[in-house]
Amino acid sequence: MLPARPAICTLAGCARRYSIGFTPAAKMAGSSCASTIPIKSAMSTKRWRRFCTVCAGWESTGTKGQRWGGEFGPYYQSQKGKAYQEAVQVLLDKGLAYYDFATAEETKAERELAEREKRAYVSSRRFMAETAEQKAKFEAEGRTAVVRLKMPREGYCEFTDLIRGPMKFAWAEEQDHVIQRSNGTCLYSLASVVDDRDMRITHVIRAEEHLSNTPRQIFIARGLGIEPPQFAHLPFVAEPGSRNKLSKRKIAQYLKNPDFKRVYEHGRRIADRLGLQVSDETFNPVIVDFYEQVGYLPDAIVNYLLLLGWSLDDKTEFFTRDEMFQHFSLERVVKSAASFDPAKLSAFQEHYMRQLPIEQKVAMVLPYLERAGFHPVPKTVEQIVIAADDRIKTAGDILDYVDFFVADEDLTYDDKAFEKRITKPPQAIALLRKFRDRLAQAEAFDAGSLDKLMHQFVEDEGIKIGEIIHAVRVAVTGKAVGFGLFDALAILGQERCLKRIDQALRRAEGR
RNA sequence: GGCCCCGUCGUCUAGAGGCCUAGGACACGGCCCUUUCAAGGCCGCGACACGGGUUCGAAUCCCGUCGGGGUCACCA
């Protein structure tokens, strides 16, 4: 069944299952992507697929996806109606389910009555039809039926959860859940059991909110003569700074958290420079798409998420995919919910970015420049990437350095910086002019030579380096901040540097 | 409300009765480095929810309290 909503993946849902679920899945199945499908349940296949695809390398969401095929299809619940109905019939034949001819209002009334009388609601089964005659009688009244499970009213359902250990639920607490709607279609709890059987699911690894519907699934499985799969219920991911389940709808509230806000606004700046249309549906730090758009590394995200609720020991933090597969175990999953910490995710991102070879960084960053409307030569980009070093924390950060690509006459100046470093200091303009002349005479224009030239200039003038260097920076880059000035000058080249300094001098003199 | 789950620094966690004056990471604060911004180095701050047991000894075991969360659909 395709989810009604578009391909959105929250960190709360798919991400957790990816980093935690995918890992043992791949481990147990002994292979990668293709095996993730049979190991999970069929629900929200599309979202799951989206996340896997994204985290496998931010590839486009190929819907053709041969990789998603497999021998136990079909994988869409919309194509499996017949299999579900057959299962319902088996349950009916065995007396483990029944036709319920009660109307929605009648059921609701019973439930409300129980609530008023402060007792647990148990279906009266007043409109239960187990024989053809009963069925005919209700139908004659013009009633339609749903199929409900006929849950045991005594005893316990016991099973072992791979994360939580032995579980014991009283059958009497279970409702007679609907498994087939009056229109003949089936519900999740029935469908997922059938899917799990058809797809040879051995381990169901899912969020803890499903813990309480496990007994009914075990009931259905046994009724169908299926050995129930092993269950592992993961705690959910909580909101930053609270224990509530993370939700993509609460972005406005999360924005009050300074760390969350920082991550969001950083992404927002990049999106704005790209002219991206942003919507809360996808441009939201709670959703993986956000990180893809801003240019995060999948490895960083997966590694961060892996540690959100699991650890190997008291010190190991960084894992390659292979190491994850090798070391992961459900037994070490933490039982309590873990809050999403955007600041720590950023720290992982910075770490992985620092590890990235230059060529890969360049390749990662180029599409951002192109999307922002620049057509830079890769060599220059490489120089910038090297000079900027770890200042580029996500691929989108390259946009902090577009000043190198804009035409000299289009360079914009930060007014405050210009004022502080050029207009205001009494000697600044004169010094800048002198330095400009030195630059004009420079024979070598590499960073090392420029460094020497600057120091010679400072010595000759008897000034402190701070009196000139900032003025030069603002004159050639327009900004007060950036990477090493000599790298910046070298990348721009002599001609452009002179042009920009002249331009700044004219601007300072109000011409 | 019934049922269920959970409770160690702000956050993620290590901890299976003595190795714990509770370890690591992120964040935070300070210092150093420095042409700005980053980064880096060093130092620091900082927790066993509470109350009873059991024990020579408890963060670890038991009971209770409190707190947080999940779930109770013809959603998935």
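Residue numbers start from 1 in every chain, and the chains themselves are labelled A, B, ... in the order their sequence lines are given, proteins ahead of strands. Model, not experiment: these values are computed from the prediction.
- With a cut-off of 3.5 Å on both pairing distances, the Watson-Crick or G-U wobble partner of B:G64 is B:C50.
- Nearest nucleotide to the A:Glu209 side chain, out of B:C12, B:A76, B:U71: B:U71.
- In this structure B:A14 sits in no base pair that meets the Watson-Crick or G-U test at under 3.5 Å.
- You'll find that the side chain of A:Leu308 is closest to B:C12, out of B:G15, B:C12, B:C6.
- With hydrogens and angles ignored, no donor-acceptor pair under 3.5 angstrom links the side chain of A:Lys393 to the base of B:A38.
- Comparing B:C26, B:C37, B:U35 by their nearest atom to the side chain of A:Val481 picks out B:C37.
- Of the listed nucleotides (B:G23, B:G24, B:C74), B:G24 has the atom at the smallest distance from the side chain of A:Lys344.
- Listed candidates were B:G24, B:U35, B:G10. Nearest to the side chain of A:Lys315 is B:G24.
- The side chain of A:Ser339 has B:C12 as its nearest neighbour among B:G70, B:A39, B:C12.
- In summary, A:Arg273 and A:Asp400 engage in a salt bridge, as defined by a charged side-chain N under 4.0 Å from a carboxylate O.
- If you check B:A59 for Watson-Crick or wobble pairing at under 3.5 angstrom, you find it has no partner at all.
- Base-pair partner of B:A39: not found among the strands shown (Watson-Crick or G-U wobble, both distances under 3.5 Å).
- The side chain of A:Ser311 lies closest to B:U13 when the candidates are B:U13, B:C74, B:U36.
- Not one N or O on the side chain of A:Tyr296 forms a donor-acceptor pair closer than 3.5 Å with the backbone of A:Lys393.
- Across B:G44 and B:G24, the matching P atoms stand 10 Å from one another, rounded to whole Å.
- Between the side chain of A:Ser212 and the base of B:C4, no donor-acceptor pair of N or O atoms lies under 3.5 Å.
- For the C1' atom pair drawn from B:C42 and B:U35, the interatomic distance equals 24 Å after rounding to whole Å.
- In this model, the phosphate group of B:U36 is not approached by any side-chain N or O of A:Arg391 to a distance below 4.0 Å at OP1 or OP2.
- Taking the six-membered ring where the residue is Trp, A:Tyr99 and A:Phe101 present tilted rings, their angle falling between 30° and 60°.
- Listed nucleotides: B:A76, B:G23, B:U35. Nearest to the side chain of A:Tyr188: B:A76.
- Of the candidate nucleotides B:C6, B:A76, B:G70, B:C6 has the atom nearest to the side chain of A:Ser336.
- Nearest-nucleotide assignment on RNA chain B puts the 5′-proximal partner with A:Met167, out of A:Ile465 and A:Met167.
- Taking the centre and axis of the six-membered ring of A:Tyr98, the NZ or CZ atom of A:Arg148 falls outside the cone set by 45° and 6.0 Å.
- Pairing of B:U71, defined by two Watson-Crick or G-U wobble distances under 3.5 Å, is identified with B:G2.
- If you check B:C74, B:A14, B:A39 against the side chain of A:Asp390, the one that comes closest is B:A39.
- Between the side chain of A:Arg473 and the base of B:U35, a donor-acceptor pair under 3.5 Å is found.
- Put simply, the residue from A:His266, A:Arg391, A:Met353 that forms a side chain to side chain contact (heavy atoms under 4.5 Å, CB included) with A:Asp397 is A:His266.
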